[in-house]
Every structure is written in C-alpha cells, then in structure tokens.
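The shown structure was predicted, so the numbers you read here are calculated from the model rather than taken from an experiment. Letters go in sequence order (proteins before strands), and every chain restarts at 1.
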4 protein chains.
Amino acid sequence: MNEFDTNIPIYLQIMNSIKQHIVAGQLKPGDKLASVREQAEAFSVNPNTVQRAYQELEREGVSETRRGTGSFIAEKANLIPDLAAQMAHEVIRKYIEGMSALGFTDAQIVTEVERALEHSRTAQNSGGTH
Amino acid sequence: MNEFDTNIPIYLQIMNSIKQHIVAGQLKPGDKLASVREQAEAFSVNPNTVQRAYQELEREGVSETRRGTGSFIAEKANLIPDLAAQMAHEVIRKYIEGMSALGFTDAQIVTEVERALEHSRTAQNSGGTH
Amino acid sequence: MNEFDTNIPIYLQIMNSIKQHIVAGQLKPGDKLASVREQAEAFSVNPNTVQRAYQELEREGVSETRRGTGSFIAEKANLIPDLAAQMAHEVIRKYIEGMSALGFTDAQIVTEVERALEHSRTAQNSGGTH
Amino acid sequence: MNEFDTNIPIYLQIMNSIKQHIVAGQLKPGDKLASVREQAEAFSVNPNTVQRAYQELEREGVSETRRGTGSFIAEKANLIPDLAAQMAHEVIRKYIEGMSALGFTDAQIVTEVERALEHSRTAQNSGGTH
DNA sequence: GTGGTCTAGACCACG
DNA sequence: GTGGTCTAGACCACC
C-alpha cells in the first residue's frame, strides 16, 4: 500500500495516484481530497510532501484549494476525459517502447501481455492475492 | 534521441539502455562498450554520469572493466536470458498495473495495445521512422 | 468588489479598507460599523475574519466596541488627520520605492502617474466606472 | 538590506526583487543567478525559501535552471519589456488606487508624489541617506 | 559546488 | 482542523 518507487519523487507519485483515482472514477469533480495531514499519514510521508503534490495538482488545474477548507477535485469535469486519454496513452507508449527496445516483435508485444494477464488470473483463482 | 526523463536518474536510464541493447542482441558478451567519453558525448551528458552507469553495471555483473582497455559485456552468456526475462517482466508488470489503475479491464488492456500498434504501423507507412 | 489579494491576510485588507473610508470621510467618529455578520456577508468572508479585523482596529484605537450594540469609529477626531497623513505617506513611499527599483527616474515617476491618470480618465469617459 | 515585509511570503519578495533587477537592467538574459545557498546567505533566509523562489521564476519563464550548474536569466530577452511594463503598471495602479481610496483627487495624486520626491531630494543633499 | 527532494517540526491565517 | 510558509538539516544526482 505504501511502497513508493525510489528514484521517482514521491510528490509525483502521489499526484499520479490521485489522477488515477480521478480517471478511474473513484474521485469525482467537487470531491474533497484527503486533508494534507491525513494523506500524509496514509502514505507515511511528511505533510510537506503531500502539500507539494496538491500544489502542483492545483497548478495543473486538476484540483482547487479553498483556504482553511481543503482541496477539491476541480469542477471542470470535461477535463477528465482528456486526462484519461493522456495518461493511458503515456502508459501504452512506455510499454511498447520498452518491449520494442528489448527486441520483441509487435505480435509478441500483444501476446506477452495476454500471457501475463492469463497468469495472474489463474494465480488469483488458486488463492494468492499476494 | 537524447531526451532523458528528468525525475529519473540519468545513470539509471543509461544502464537500462545498455541492458536493452544486450537483450535485443545488439551487444554481445565480450563486446566493448563505448568509452566513457564517447558515450558521454553521444548522450550529451557529463562523463561522470556515464562513469557511474558503467560502475553500477559492473556491480551487477553485466559488464567488466579492464584497466586501460575499457568496459566489456560480461562473458557469462547464460546471464542474458535471465536479464531478458526479468526486464520484460518488469515492463509488462508496469503496463498492466498502470492500465488497471486507470480502470481498464483485462480485455481492454490487450485491445488498447493492439490499437496503438496498429496506429504506429500506419503512421510509419505513410511517414517515416522519425 | 470582493477580490482579496491572496498572500496578504484578509483581515488586514479589511482593516485597511475601513481606515480608508475614515480618511476619505465616508466614516466619521461615532459612526457605527457594519455588524460582523453583515460585513462578513458583504465581503463574502468568514465572520471570524471580520471579527479579527475589528479587534485589531480597536487595539489601534481606531474603533470602540460597545457590548451588545456594535463597533463604532472612535470619537477621537484628532486621530484622523494623523491617520490620513500616515496612510498617504505609506502609499507614496511604496510607489516611489517600487518605481525606483524598476529603474525609473524621478521625472518619470511623476509623468508615468500622470499618463496613467489621463488614460483612466479617457477610459471612463468612453466607457463606465466599472 | 534584509528587511522583508512580514505578511508577504518571502519567496515572493525574492522573486520580485530579482524581477526588478532584470527590469532595471542589472541582470541580463543569460546571467547566472546567485546559487541557492549564496542567495540564502545574502538574504539571511533558509535555502529552501530561495529554492522556492527560483522554482516559481522558472515556471514563469523568467529563469532557466540547469542541473548541477545553476539558475540563469532566460535568454528570451523579448520577455523583458513585457515584464517591465507589467510590473510598472502594477505599481502605478496600486498607487492610484490607494490614494483615491484615501480621498485624494487626481491632481493631488500627482502633486503629492512630486512633493515627496522633492523632500527626499533635499534630505539627500543635506546628508542623511537614512 | 549546484539544484532537487524529503523530513521534522514550528507558526500563522482562515473556517 | 485546514492549508501556507518557513526553518534546520539531511541525502542524492549531477557538473
């Protein structure tokens, strides 16, 4: 739950996590974000780090902050489809790039992901969430 | 060609690039790596950074440094399949994780990569690698 | 009408606004200040903030609070000329300081304000106060 | 030299100070800014505070930061006239607004600044910088 | 040495 | 309680 990729600024990972929640529909326009302190506790991270993340999100227009009240997902709902497309595109791009660099063919790039999904599905069925 | 992701240590990106070349068969056991200076020039990066990358690769047993002659891909050829599997696994894992977090279903995770590949293929046909 | 400069305590801006009204003669000794709630509503601000402003004004001897009846401009009329001089002096000082730091000469500091006044006058004639 | 206006974030005052230096021609495109640590020392302020200021300046396109090298005034010289106009306009606006609110007429707004300049000039002649 | 990130902990303005 | 700023001091990547 709380393992951050070393080598990547934590505040960026927090931003990303929140964006994912928005895209996945778990956070909707107008929703209140966890308070800086709560979020910091949840992530076992210093409040300043969360603050930085919220600050940047606001600058990107993803959230809005109201003094003494908290941070909220921006009401501009139309921003969300863009966000989704943009983030998905990035994830896919990195995947294809990574696999190509390793010498995989286009066909393999597809079959490998299928295989991996198959694996994890069977693994789940036989028990381990882990 | 020389755009490094800020927010991720450059030396790690260099290491990764070299590993990819090995896995893809563009660098074979015994092959000489570019000299620190050449590599630095090629990447428009400070020599110290390349130095660091080579150092870490050596520590991982991927390369060997021979005083006065340069760095070479380790002769332990059997290490390569492992490396390939390991890197591919990592790339795939990140992809699935990323897409799942964005709310994509398993089926979509496959079809989206197919679509993206289709796109880039048609783009290439009508345009250029570049 | 209700745009407060973030980065500057709102209660200070409220205090200043009231002082300006006094100096400009729109509020006279003995006049009743708007109730905390009214003022808060007018400024779209939390009552606590207005409360704080009134508190500080009282501490400065500008207003007096009579339990159950409200806040009133202090009767010490002689305080007003001082207040006026002091506030004007501050405003002028900041202006000269600001322009000097930007490299304007003394002559320009005068002519620029003249030009700006000229502009806003013509704008008003052709348009509206608003 | 080092008196910051309480009630205004220090990092904003630092940003402003640098912008003023640019506008006044004391800092030119390509010039290196003092290092974070030097600047912090000079202002008797924590390095993080200076860092924040530089960060924001970069975001505004005023400066550019090169890893491990320092921060530099952006090369886009054409940005400077805009900056100058914008900052001057702001200073003038505040002055006129402030004086108007105090009940001064347009004529007085001009004459008062003239009087103040006259004062400081004679003060200088007779000795006290102070 | 230079910037970038993070922590720990403090104080303030605001609701 | 909530966000915003600041300090002190640490570690890291990079030049």
Side-chain angles (χ1 to χ4, degrees), chain A residues 4 6-14 32-41 43-58 63-72, chain B residues 4-14 40 43-53 56, chain C residues 4-14 40 43-53 55-56, chain D residues 4 6-14 32-40 43-58 63-72:
Chain A
F4 284 110
T6 327
N7 292 321
I8 271 195
I10 295 178
Y11 76 87
L12 281 180
Q13 299 183 53
I14 293 175
K32 187 175 181 308
L33 291 174
S35 86
V36 167
R37 290 164 175 86
E38 277 171 13
Q39 195 77 277
E41 178 106 8
F43 284 145
S44 308
V45 141
N46 186 288
N48 282 331
T49 305
V50 175
Q51 164 99 4
R52 171 85 190 268
Y54 282 15
Q55 208 177 91
E56 302 283 345
L57 283 173
E58 181 162 19
S63 70
E64 285 165 2
T65 283
R66 297 176 210 145
R67 288 229 225 171
T69 313
S71 285
F72 301 80
Chain B
F4 284 109
D5 187 342
T6 323
N7 292 322
I8 239 185
I10 294 181
Y11 78 88
L12 281 180
Q13 300 182 53
I14 293 175
F43 283 145
S44 307
V45 141
N46 188 289
N48 285 333
T49 307
V50 176
Q51 176 78 5
R52 171 85 190 266
E56 299 286 341
Chain C
F4 284 110
D5 187 342
T6 324
N7 293 321
I8 239 185
I10 294 179
Y11 78 87
L12 282 180
Q13 300 182 54
I14 293 175
F43 284 145
S44 307
V45 141
N46 189 291
N48 285 332
T49 307
V50 175
Q51 175 78 4
R52 172 84 189 269
Q55 229 171 65
E56 299 287 339
Chain D
F4 283 110
T6 325
N7 292 323
I8 272 196
I10 296 178
Y11 76 87
L12 281 180
Q13 299 183 54
I14 293 175
K32 188 175 181 309
L33 291 174
S35 87
V36 168
R37 289 164 177 88
E38 277 171 14
Q39 196 75 277
F43 284 145
S44 308
V45 140
N46 186 288
N48 282 332
T49 305
V50 175
Q51 163 98 4
R52 171 86 190 266
Y54 282 15
Q55 209 177 91
E56 302 282 345
L57 283 173
E58 180 161 20
S63 70
E64 285 166 2
T65 283
R66 299 177 209 144
R67 287 230 226 169
T69 312
S71 285
F72 302 80

Do D:Phe72 and D:Leu33 pass the side-chain contact (heavy atoms from CB on, under 4.5 Å) test, and can you show the C-alpha distance, the side-chain angles, and the key distance before you say yes or no?
CA-CA 5 Å; D:Phe72 302 80; D:Leu33 291 174; over 6 Å; no

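Here the straight-line distance linking atom CG of D:Asn7 with atom CD of C:Gln13 works out to 10.0 Å at 0.5 Å rounding.
Within the 4.0 Å cut-off from OP1 or OP2 of F:dT2, not a single side-chain nitrogen or oxygen of A:Thr69 is found. Between E:dG3 and D:Gln51, no contact under 4.0 Å exists linking OP1 or OP2 to a side-chain N or O. Put simply, A:Ser35 has a side-chain N or O that comes within less than 4.0 Å of OP1 or OP2 on F:dT2.
Across the interface with DNA chain F, nearest-nucleotide mapping of B:Pro47 and A:Glu58 shows A:Glu58 to be the residue nearer the 5′ end.
With a 3.5 Å limit on both pairing distances and Watson-Crick or G-U wobble geometry required, the stems of 3 or more pairs in DNA chain E span E:1-14 with F:1-14.
Side-chain to base pairing of A:Asn48 with E:dG9: one donor and one acceptor N or O lie within less than 3.5 Å of each other.
Contact record, A:Val36 with A:Gln51: CG2-OE1, 3.9 Å, taken as the closest heavy-atom pair. Considering all non-hydrogen atoms of both residues, A:Tyr54 and A:Ser71 come closest at CD2-OG, 3.6 Å. Across every non-hydrogen atom of D:Lys32 and D:Thr69, the tightest pair is CE-O, 3.4 Å.
Between A:Glu38 atom CD and F:dG1 atom C1' the separation is 10 Å, expressed in whole Å. For D:Phe43 and F:dT7, the CZ to P distance is 12 Å, given to the nearest whole Å. Distance, A:Phe72 CZ to F:dG3 P: 9 Å, rounded to whole Å. Rounded to whole Å, the distance from CD on D:Glu56 to P on E:dG3 is 16 Å.
Counting only N and O atoms by type, the side chains of D:Tyr11 and D:Gln55 include no donor and acceptor under 3.5 Å apart.
Looking at D:Glu58, its side chain does come within 3.5 Å of a backbone N or O of D:Thr65 through a donor-acceptor pair. Between the side chain of B:Thr49 and the main chain of B:Pro47, no donor-acceptor pair closer than 3.5 Å is present.
Of the charged side-chain nitrogens involved, at least one lies within less than 4.0 Å of a carboxylate oxygen, so that C:Glu56 and C:Arg52 count as a salt-bridged pair.
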Under 3.5 Å, N/O pairs linking protein and nucleotides 12-14 of chain E:
from   : atom 1 : to      : atom 2 : distance (Å)
E:dC14 : OP1    : C:Ile10 : N      : 2.3

